[in-house]
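Read the structure below first, then the notes.
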Amino acid sequence: MQKPQLAGKTALITGSTSGIGLGIARALAAEGADIIFNGFGDPTDIADLQRETGLQFGVKTGYSNADMSKPAEIERMMSDALDQFGGVDILVNNAGIQHVASIEDFPPERWDAVIAINLSSAFHATRLALPAMKKNNWGRIINIASAHGLVASAGKSAYVAAKHGIVGLTKVTALENAQTGVTCNAICPGWVLTPLVQKQVDARAAAGNMPVEQAKRELLLEKQPSGEFVTPEQLGALAVFLCSDAASQVRGVAWNMDGGWVAQ
Ligand code: NAD
């Protein structure tokens, strides 16, 4: 039997207790990568997730409860990864939150939180992961941006600023490491039906006094020409490709998987 392509690699995926991060973690585990989970949730559920992933894919799993809004906790997460797994070969900067309000009504502390979690955490995790990746002359950094890293929507100032920022950070990371085996790319999903988006669907249903299914359809059709959600599994498959040898010259791209959103 052929060895899984990521056997022997360790992948740390921030915000992987739910949604897209979890889909990517499972896809990387299916290719043989050991997985370090991160994110919030019930400790029993997280322990189950670790155990089930380990058993299903025959990989080692770990977990860090680091809060991505706190640089000191990111430092602790990265040094624990070094102690327990010998370092991080694949870093997926995925943790993210949303807040929707017009600029004049946007609470400054929510702005700070969105920028810290959706943008600055990727800078900190990247700066701490790079030395070992460069030493090994192999590394993959995948930043989960968004269609909102390429185009804007009203009401999402902090999110759009953070996501445009992470696309910029992706390009700089790719360029600074262009002559090494370390690549950095961004994935820009359109709507994916995760808890983050379910909140927006529910808010829309409440505001329009309409059934949740109608709110879902309207939300999709406003932006996403396919009228269908992107899935965490599809995003996981793209992340696996970006980790493959075939992608070793894919550097600094912001790759949209968005049902046609940014083609308009
Ligand atoms: P989600 O709410 O399902 O998952 C977010 C994850 O981040 C969870 O594991 C949560 O515990 C974790 N998290 C939140 N705050 C954290 C913090 N301070 N420290 C550590 N972990 C934290 O959301 P999702 O939709 O899966 O989003 C994941 C990423 O994908 C985000 O960066 C989001 O902006 C991006 N994205 C989502 C969509 C979408 O339609 N769902 C589209 C484009 C981009």
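Taking a 6.0 Å sphere around CD of Gln179, one finds it holds 12 or fewer heavy atoms contributed by other residues, nucleotides or ligands. Heavy-atom contacts from other residues, nucleotides or ligands closer than 6.0 Å to CG of Leu55 number more than 12. For Gln84, the CD atom counts as densely surrounded, since its 6.0 Å shell holds more than 12 non-hydrogen atoms of other residues, nucleotides or ligands. Atom NZ of Lys171 sits in a sparse spot, with 12 or fewer heavy atoms from other residues, nucleotides or ligands closer than 6.0 Å.
By the 4.0 Å N-to-carboxylate-O rule, Lys3 lies too far from Glu31 to be salt-bridged with it. A salt bridge is absent between Asp202 and Lys199; no separation between the charged side-chain nitrogens and carboxylate oxygens falls under 4.0 Å.
Stacking of Lys216 on the aromatic ring of Trp191 is not recorded, the 6.0 Å distance cut-off and the 45° axial limit not both being met.
Glu233 places no side-chain N or O within 3.5 Å of a backbone atom of Ala237 that could act as its donor or acceptor partner. Put simply, the side chain of Asp34 gets close to the backbone of Lys60: a donor and an acceptor are under 3.5 Å apart. With Arg51 contributing its side chain and Thr61 its backbone, the two residues share no donor-acceptor pair below 3.5 Å. Listed for the Lys163 side chain is no donor-acceptor partner under 3.5 Å among the backbone atoms of Asn118. Side-chain N or O atoms of Gln234 include one that pairs as donor or acceptor with a backbone N or O of Thr231 at under 3.5 Å. In this structure, the side chain of Asn94 engages the main chain of Gly15 through a donor-acceptor pair within 3.5 Å.
A donor-acceptor contact under 3.5 angstrom links the side chains of Ser102 and Asp105, judged on distance only. Between the side chains of Asn143 and Thr170, at least one donor-acceptor pair of N or O atoms lies under 3.5 Å. In the model, Gln200 has a side-chain atom that pairs as donor or acceptor with a side-chain atom of Lys156 under 3.5 Å. For Glu218 and Gln214, the side-chain atoms include at least one donor-acceptor pair closer than 3.5 Å.
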**Study point:** salt bridge (Lys or Arg N to Asp or Glu O under 4.0 Å) between Glu176 and Lys134, worked out
**Key:** CA-CA 11 Å; Glu176 289 186 3; Lys134 284 164 87 167; over 6 Å; no
Exercise for review: Check the pair Glu75 / Arg127 against salt bridge (Lys or Arg N to Asp or Glu O under 4.0 Å), numbers first and verdict last.
Suggested key: CA-CA 10 Å; Glu75 290 191 12; Arg127 75 181 168 80; 3.0 Å; yes
Practice item. Take Phe37 and Leu49, measure what side-chain contact (heavy atoms from CB on, under 4.5 Å) needs, and give me the verdict at the end. Key: CA-CA 9 Å; Phe37 290 99; Leu49 180 63; 3.9 Å; yes
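For Tyr159 and His99, the gap between ring centers reaches or exceeds 6.0 Å.
Taking hydrophobic clusters as Ile, Leu, Val, Met, Phe, Trp and Tyr residues chained together by side-chain heavy-atom distances below 4.5 Å, Leu238 shares a cluster with Val250. Leu220 and Val201 fall within the same hydrophobic cluster, defined by Ile, Leu, Val, Met, Phe, Trp and Tyr side-chain heavy atoms under 4.5 Å apart, directly or through other members. No continuous path of ILVMFWY side-chain contacts below 4.5 Å connects Ile166 to Met68, so the two sit in separate hydrophobic clusters. Residues Ile35 and Leu91 do not share a hydrophobic cluster, clusters being chains of Ile/Leu/Val/Met/Phe/Trp/Tyr side chains in contact below 4.5 Å.
Put simply, CG on Asn93 and CD1 on Ile117 are 13.0 Å apart, with the number rounded to the nearest 0.5 Å.
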